[in-house]
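Below, read A as the first sequence line, B as the second, and so on, with proteins coming before strands; counting in each chain starts at 1.
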2 protein chains.
Amino acid sequence: MKNKNLQFAVLATDVVLFTYQNGKLKVCLINVDNDYFKNMKGLPGGLILPNETAEDSVKRHMKDKAGIAIKETYIEQLYSFSKIKRDPRGRVVSVAYLALIPSEKINYKDGVEWVEVKKIPKLAYDHDEIVKIAIERLKSKIRYTNIAYGILPRSFRLTEMQNVYETILGKKLDKRNFRKKIFESGLIEETGKKESEGAYRPAMLYRFKNREVVFMDR
Amino acid sequence: MKNKNLQFAVLATDVVLFTYQNGKLKVCLINVDNDYFKNMKGLPGGLILPNETAEDSVKRHMKDKAGIAIKETYIEQLYSFSKIKRDPRGRVVSVAYLALIPSEKINYKDGVEWVEVKKIPKLAYDHDEIVKIAIERLKSKIRYTNIAYGILPRSFRLTEMQNVYETILGKKLDKRNFRKKIFESGLIEETGKKESEGAYRPAMLYRFKNREVVFMDR
DNA sequence: ACAAAAGTGTTACTCATACACCCATGC
DNA sequence: GCATGGGTGTATGAGTAACACTTTTGT
């Protein structure tokens, strides 16, 4: 660096990592316990190192702090937070990310908890605000992209998919209209296999055609 | 700061500042001339200081480098750029912003040029990428918000407004449909005044009801 | 045979699109 | 009276929303 005195801020990342489990949308939270935030929860995250991009940093922290296998996750940059007092320990500017993971890919670790979105407690730092923005982004983006691939298993029943949409959007959807729209979108295809859930009629299993973001027409 | 060796990156902001002038969408560019980028252009921007947020920083640089009166501008955060080599002089992470200004509020300064979007040359650093993302954001956001208030004068004719939309969206719109949609959106209201453009029938002048962002229904 | 989830079509309504002529004014 | 931009309505097609019953399977 040329000018030492320009270096003043710690640069960090935070991630709002969602999963869908037992019919509920959940967020990954870790324990926070320091002089300023006693026995609270917060988002996983940490510093950006000199030789990594913000995205590299998020992936590393997701792996280290939440035990997440990076390959399995959808990640997108959410927003950057730069309020001067957002971290009472010193000036920290944070680039926040939104990430999705199918629940069966989660590795559970001590100090890491998956909390239902509706039951998130008051969080440390400005993490409440970050989560709020992440939920809005997820809600709007699931409408016009295929990012649900990030939160559903590789192959899934359509009712499962509909449940994910209903939970994220926070409202019931009509089964026939949902299916029509999803089929017409061309985002998914049959796997050819069927799955029986307990004792009843087996359901066709589907998968996403693409595992990169696709925007729906318009 | 607690830990000196955590401080490695320079934090900066860049702004993609749009205006609409003579039927053209233009971007504010400044001269860049250093060891790495000879006689080129780039976006206005600069460092974030220890006592300012990213948004404070953008506003300050817009004022200093481009002579823009802050009060008149619409500003939103665009995206953060953290590629390690994006600035060859050293590690700089930049929070980019999108801003809009009505052309009559521009103060012209030496070394600052307003370049038609279609004619933007190769820019210094990663500023091409930033501009591209800004244009996409502007295109999509003008469809479902009232942010056009940031680029139109306080009061304006409807054809003027339609021209702004056509230029940003890059396509012709139907006059009657445009008017219908705008009126139904409830975003604007009559000022009660009329304006004659040259020798012909005077047009009703309108203004935006709100000068903060409003999202259209749906 | 029954319990449970899977699967399937039609109608009504709303919204977007396409399209052409008269109006008001200054010169 | 003419040139110019301002202003207006209707018809068609597309997409969204509402709605209920039959099918398949395991027990």
*Do A:Trp114 and A:Leu17 have side-chain heavy atoms sitting under 4.5 Å apart?*
yes
_Expressed as a whole number of angstroms, how long is the span from A:Tyr144:OH to D:dT16:C1'?_
20 Å
*Within 6.0 Å of NZ in A:Lys193, more than 12 heavy atoms from elsewhere*: no
*For the side chain of B:Ser82 and the backbone of A:Thr53, is there at least one donor-acceptor N/O pair under 3.5 Å apart?*
no
*Note: A:Lys141-A:Glu76 ion pair, threshold 4.0 Å (strictly below)*: yes
_Tell me the interatomic distance from B:Glu190, atom CD, to D:dG6, atom P, rounded to whole angstroms._
15 Å
_In this structure, how many angstroms lie between the P atom of D:dT8 and the NZ atom of B:Lys181, rounded?_
19 Å
*Any B:Val92 side-chain heavy atom under 4.5 Å of B:Arg86 side chain*: yes
*Give a yes-or-no answer on whether the side chains of A:Ser155 and A:Thr191 include a donor-acceptor pair shorter than 3.5 Å.*
no
*Figure out the CZ/C1' separation between B:Arg157 and D:dG7, and round it to whole Å.*
13 Å
Taking only nitrogen or oxygen atoms into account, show me every contact under 3.5 Å that the protein makes with nucleotides 10-14 of chain C, one pair per line with its distance.
{"from": "C:dT10", "atom 1": "O4", "to": "A:Lys180", "atom 2": "NZ", "distance (Å)": "3.2"}

*Looking only at atom types and distance, does a side-chain atom of A:Arg137 sit under 3.5 Å from a main-chain N or O of A:Leu78, one as donor and one as acceptor?*
yes
*Please report, rounded to the nearest Å, how far the P atom of D:dG9 is from the CD atom of B:Glu184.*
13 Å
*What class does the angle between the rings of B:Phe208 and B:Phe156 fall in, given that below 30° is parallel, 30 to 60° is tilted and above 60° is perpendicular?*
tilted
*OP1 or OP2 of D:dG5 less than 4.0 angstrom from a side-chain nitrogen or oxygen of B:Thr159, does that happen here?*
no
_For DNA chain C, the residues among residues 168-175 of chain B that have a non-hydrogen atom under 4.0 Å from it_ = B:Asp174
*Between A:Glu160 (CD) and C:dA6 (C1'), how many Å, whole number?*
13 Å
*Could you tell me the separation between the CZ atom of B:Arg143 and the P atom of C:dC15, rounded to a whole number of Å?*
18 Å
*Heavy-atom distance under 4.5 Å between the side chains of B:Lys209 and B:Val214, does that happen here?*
no
*Taking for each residue the nucleotide of DNA chain C with the nearest heavy atom, is it A:Leu158 or B:Arg176 whose nucleotide lies nearer the 5' end?*
A:Leu158
*Mind checking whether B:Tyr206 and B:Phe183 have parallel, tilted or perpendicular rings, split at 30° and 60°?*
tilted
*DNA chain C contacts among residues 199-210 of chain A, heavy-atom distance under 4.0 Å*: A:Tyr200, A:Arg201, A:Pro202, A:Ala203, A:Met204
*Which part of the nucleic acid, if any, lies within reach of B:Arg179 when heavy atoms closer than 4.0 Å are counted: base, sugar-phosphate only, or nothing?*
base
*Nearest-Å distance, CD1 (B:Ile182) to C1' (C:dA16)?*
14 Å
*asked:* Looking at A:Lys139, I want to see if its NZ is surrounded by more than 12 non-hydrogen atoms of other residues, nucleotides or ligands under 6.0 Å.
replied: no
